[in-house]
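What follows is a single structure, written as structure tokens, with notes after it.
Each chain gets a letter, A, B and so on, in the order the sequences are listed, and its residues count up from 1.
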There are 2 protein chains.
Amino acid sequence: MAENLYERKALIFKALANPVRLEVLDMLIDGEKCVCEIQEKLKKYQQAHISKSLIKLKEAGFIKDRKEGLNVYYSLKICCLGDFFKCLNNILDSDTSN
Amino acid sequence: MAENLYERKALIFKALANPVRLEVLDMLIDGEKCVCEIQEKLKKYQQAHISKSLIKLKEAGFIKDRKEGLNVYYSLKICCLGDFFKCLNNILDSDTSN
DNA sequence: CTACTATATGCCATAATTGGAATATATCAT
DNA sequence: ATGATATATTCCAATTATGGCATATAGTAG
């Protein structure tokens, strides 16, 4: 585990610092999905890669999983993600001009 | 520049995915600071490293700079950062147990 | 048991990030 | 002009992340 608070926070942002994982999170915003559904939407990536992405998001504390037979269902664990991402859009909308 | 939206968002999170840059951002939350003040607080790191951290945060759109004589002053450019980080604490507080 | 399906794990080459050391630039004072 | 100070840039070795491929595991069906 990371020693100090800033390192722990950085680990959380590292989990978000990847387009595939961000897209996965986005998919989960409208409810629980099984790994197979996520794979279906992200066909450009290998199954193994999706699986690793989900595990990384889980380790960072963003999502949780639930097994049901052969399937594994993932869902958001953090309710404030919506607001979290709204701020992001402010950044994206504002120009990079100083 | 990154092609799609998720890649652009990932770039923003990459800028946050580092303890030094997070600590710098934290220092700027209570107002504009000159590089020298930031260095003073982060003595464990080299001047060059602090400078690079500031530039990365600026490129990501989080902060802006202003020159005054020999000094450069940096300040937050995004007003919603406070809320942004509040959500983080939710994640940090919640256990990693599924 | 075997066969099948869904998901996870291990290995690996490539690419990106980190942070130190040295150097460059810009501004100010004399 | 020279020298001093604040900040930025370049170079580089070490570490870490990315994403493909192959394989393993776990649950289900027959």
Checklist entry - Can you find an N or O donor on one side and an acceptor on the other, under 3.5 Å apart, linking the side chain of B/Gln39 with the base of D/dA6? => result no
Item to check | Start and end of chain B contact along DNA chain C [non-hydrogen atoms, under 4.0 Å] | outcome: C/dT17 to C/dC28
Checklist entry - Which part of the nucleic acid, if any, lies within contact of A/Ile55, taking any heavy atom under 4.0 Å across all strands shown: a base, the sugar-phosphate backbone alone, or nothing? => result sugar-phosphate
Checklist entry - Taking the side chain of B/Asn71 as heavy atoms from C-beta outward, which of D/dA22, D/dA6, D/dG27 is closest to it? => result D/dA6
Checklist entry - Could you walk me through whether A/Tyr6 and B/Asn18 pass the side-chain hydrogen bond (donor to acceptor under 3.5 Å, both in side chains) check? => result CA-CA 8 Å; A/Tyr6 291 113; B/Asn18 174 280; over 6 Å; no
Checklist entry - Is there a side-chain polar atom (N or O) of B/Tyr74 under 4.0 Å from OP1 or OP2 of D/dA8? => result yes
Checklist entry - Do B/Lys67 and B/Leu70 touch side chain to side chain, with heavy atoms closer than 4.5 Å? => result no
Item to check | Closest heavy-atom pair and its distance - B/Glu37, B/Met27 | outcome: O-CE, 4.0 Å
Next on the checklist: Quick check for you: among D/dC11, D/dC21, D/dT7, whose closest atom lies nearest to any side-chain atom of A/Ala48?
Outcome noted: D/dC21
Next on the checklist: Give the residues of residues 17-24 of chain A touching DNA chain D, defined as any heavy atom closer than 4.0 Å, sorted by residue number.
Outcome noted: A/Ala17, A/Asn18, A/Arg21
Item to check | Least distance between heavy atoms, B/Arg21 atom then B/Leu57 atom | outcome: O-CD1, 3.7 Å
Item to check | Interatomic distance where NZ belongs to A/Lys67 and P belongs to D/dT28 [whole Å] | outcome: 10 Å
Checklist entry - Taking the side chain as C-beta and beyond, is there a heavy-atom pair between A/Val72 and A/Arg66 under 4.5 Å? => result no
Checklist outcome for this item: 5'-most contact on DNA chain D (nearest-nucleotide basis), A/Gln47 vs A/Lys44, goes to A/Lys44
Checklist entry - What orientation do B/Phe13 and A/Phe85 show, parallel under 30°, tilted 30 to 60°, or perpendicular over 60°? => result perpendicular
Checklist entry - For A/Lys52 and D/dG20, is the shortest distance between a side-chain N/O and OP1 or OP2 below 4.0 Å? => result no
Item to check | Any residue meeting salt bridge (Lys or Arg N to Asp or Glu O under 4.0 Å) with B/Lys14, in chain and number order, not counting sequence neighbours | outcome: none
Next on the checklist: Return the CD1 to CG distance between B/Ile38 and B/Leu54, rounded to the nearest 0.5 Å.
Outcome noted: 4.5 Å
Item to check | Minimum-distance nucleotide to A/Leu70 side chain [options: D/dT28, D/dT10, D/dT7] | outcome: D/dT28
Checklist entry - About how many Å separate NZ of B/Lys58 and OG of B/Ser53, when rounded to the nearest 0.5 Å? => result 14.5 Å
